[in-house]
Amino acid sequence: MKALSSQTIHGACNRVGILAWKSLLEEVYTTLKPGLVDCYSNGAHKDMNVALFELSARVIYPYFSRMTYVGRVMEGSYEEVFKVVREWGVAAERAMFKGTKGVNTHKGLIFSMGIFCAAYGLCRKHHHQINLDNLIQEQTELVRTTLMKEIGDIVKLKRGLGARGEALSGYASLQKLGLPKLQQGIREGRNFNQVKIETLFSLMTQVEDANVLSRTNPETLKEMQEIAIHFIENGGMGQDNAFLKLKRLDSYFIGKNISPGGCADLLALTIFINSLLGDDGHGIQ
Ligand SMILES: CC(C)(COP(=O)(O)OP(=O)(O)OC[C@H]1O[C@@H](n2cnc3c(N)ncnc32)[C@H](O[C@H]2O[C@H](COP(=O)(O)OP(=O)(O)OP(=O)(O)O)[C@@H](O)[C@H]2O)[C@@H]1O)[C@@H](O)C(=O)NCCC(=O)NCCS
Ligand SMILES: Nc1ncnc2[nH]cnc12
């Protein structure tokens, strides 16, 4: 096989960064998302709005190209590659906080999306074909050793496993809930905004959202999951007055300070993975 030029590799990594950017925008524009920032309200957030998310996405997306590049070209163990990817992640976080003047818009997302960008680079290096299985295989190899050590400390502190737990599980909720829901909706040619809302709700049924936990308590997380199950079982966006119900839920979540920010991150990630896999499921070129 002919070796690819450095320019070709850079171009491909830049395309991945742009897909990441688009996915962040697709997430924040999805309306109506109870408790979250969208085009209807700022949810349970006093210091964020859509414009701030747009700015944050614009500032951080070049870092996703770099993280993809590290996965694509760096020689070394998975642990060593992940260490460098995280250094870029820390730089992205710094740029985000500078841009947003200290507001945490995308911290969790930098972590999760950075991991997938690097995993995509690794996949391009190690596999002839890109598909969900080998993407997840590279993703879990990338994080396992490092995060297992960190999780040990978190378990001692008796905190939820949050974004790290999701990464160690191979993004089980994205694989089992988010992606199938999104892909089914796209296959059926349904309204994309509504498909994204249902994808978010599917994630909310099961994800242990550390953002909800840190703002409220385990009982409220359970209550949010039950609300999401109820919404899906009643027909999702197909039920009568679906948007009115979402508006009521938004007010309820605001009242209880519930923000499913972890699920919002996973929605963006689901959109991103779907676009990375491309129409034939075998990856963009
Ligand atoms: C590994 C880190 C992400 C640190 O993790 P940490 O232990 O600090 O926190 P987690 O509890 O794991 O959550 C971190 C953020 O991840 C999002 N999240 C929560 N649950 C999940 C989940 N189950 N799956 C995936 N992602 C999850 C969530 O982010 C969203 O919420 C944020 C906004 O919240 P908000 O309450 O408004 O703002 P705060 O500032 O938190 O509070 P207020 O003061 O306003 O009240 C927003 O960021 C959303 O994206 C969690 O917040 C990571 O920090 C780390 O290691 N960083 C170093 C850099 C690095 O390694 N980068 C790697 C690149 S590969
Ligand atoms: N739309 C959104 N609103 C609040 N927090 C988020 N974290 C990621 N996306 C978010």
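What you see below is based on every heavy atom in this structure, not just the backbone, and it leaves out hydrogens, waters and symmetry mates. Read the numbers this way: they start at 1 and go in the same order the structure lists the ligands and their atoms.
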Does [Y] offer a backbone N or O that forms a donor-acceptor pair with the side chain of [X] under 3.5 Å?
X	Y	result
D38	S41	yes
E80	S77	yes
Q239	G236	yes

Can you name the atoms of ligand 2, numbered from 1 with element, that are less than 4.0 Å from a heavy atom of [X]?
X	value
A264	8 (C), 9 (N), 10 (C)
D265	7 (N), 8 (C)
L36	2 (C), 3 (N), 4 (C), 5 (N)
K33	1 (N)
E27	1 (N), 2 (C), 8 (C), 9 (N), 10 (C)

I'd like to know if the side chain of E138 pairs up with that of Y78 as donor and acceptor (distance under 3.5 Å, no hydrogens or angles considered). yes
With heavy atoms of [X] as the reference, note each atom of ligand 1 found under 4.0 Å away.
X	answer
M48	37 (O)
I110	64 (C)
D265	17 (C), 28 (C), 29 (O), 30 (C), 49 (C), 50 (O)
V207	23 (N)
I115	65 (S)
V85	65 (S)
E208	23 (N)
H45	37 (O)

Any [X] side-chain heavy atom under 4.5 Å of [Y] side chain:
X	Y	result
K33	F201	no
L221	T216	no
F97	N104	yes

Taking atom [atom1] of [X] as the centre, does the number of heavy atoms from other residues, nucleotides or ligands within less than 6.0 Å exceed 12?
X	atom1	answer
K245	NZ	yes
H126	NE2	yes
K176	NZ	no

Where does [X] meet ligand 1, judged by heavy-atom distances below 4.0 Å: at the side chain, the backbone, both, or neither?
X	answer
T105	backbone
E166	side chain
N104	both

Could you tell me whether K98 and E93 make a salt bridge, using a distance below 4.0 angstrom between a side-chain N and a carboxylate O? no
With the threshold set at 4.0 Å, does a side-chain nitrogen-carboxylate oxygen contact exist between K256 and E223?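 Answer for the salt bridge query: yes.
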H106, portion touching ligand 2 at heavy-atom distance under 4.0 Å: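 It is neither part, as no heavy atom is under 4.0 Å.
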If we only count N/O pairs under 3.5 Å, is G114 in contact with ligand 1? no
So, is S259 polar-close to ligand 2, with some N/O to N/O distance under 3.5 Å?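 The answer is no, given that S259 and ligand 2 share no N or O pair closer than 3.5 Å.
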Considering both backbone and side-chain atoms of M48, is one of its nitrogen or oxygen atoms within less than 3.5 Å of a nitrogen or oxygen in ligand 2?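 No - when backbone and side-chain N and O of M48 are compared with those of ligand 2, no distance drops under 3.5 Å.
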Closest to atom 5 (O) of ligand 1 among E93, M96, R164 (heavy-atom distance): R164
Residue list, ring pair (Phe, Tyr, Trp, His ring centres under 6.0 Å) with H10, at least two apart or on another chain: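 By the ring pair (Phe, Tyr, Trp, His ring centres under 6.0 Å) rule, H10 matches Y69.
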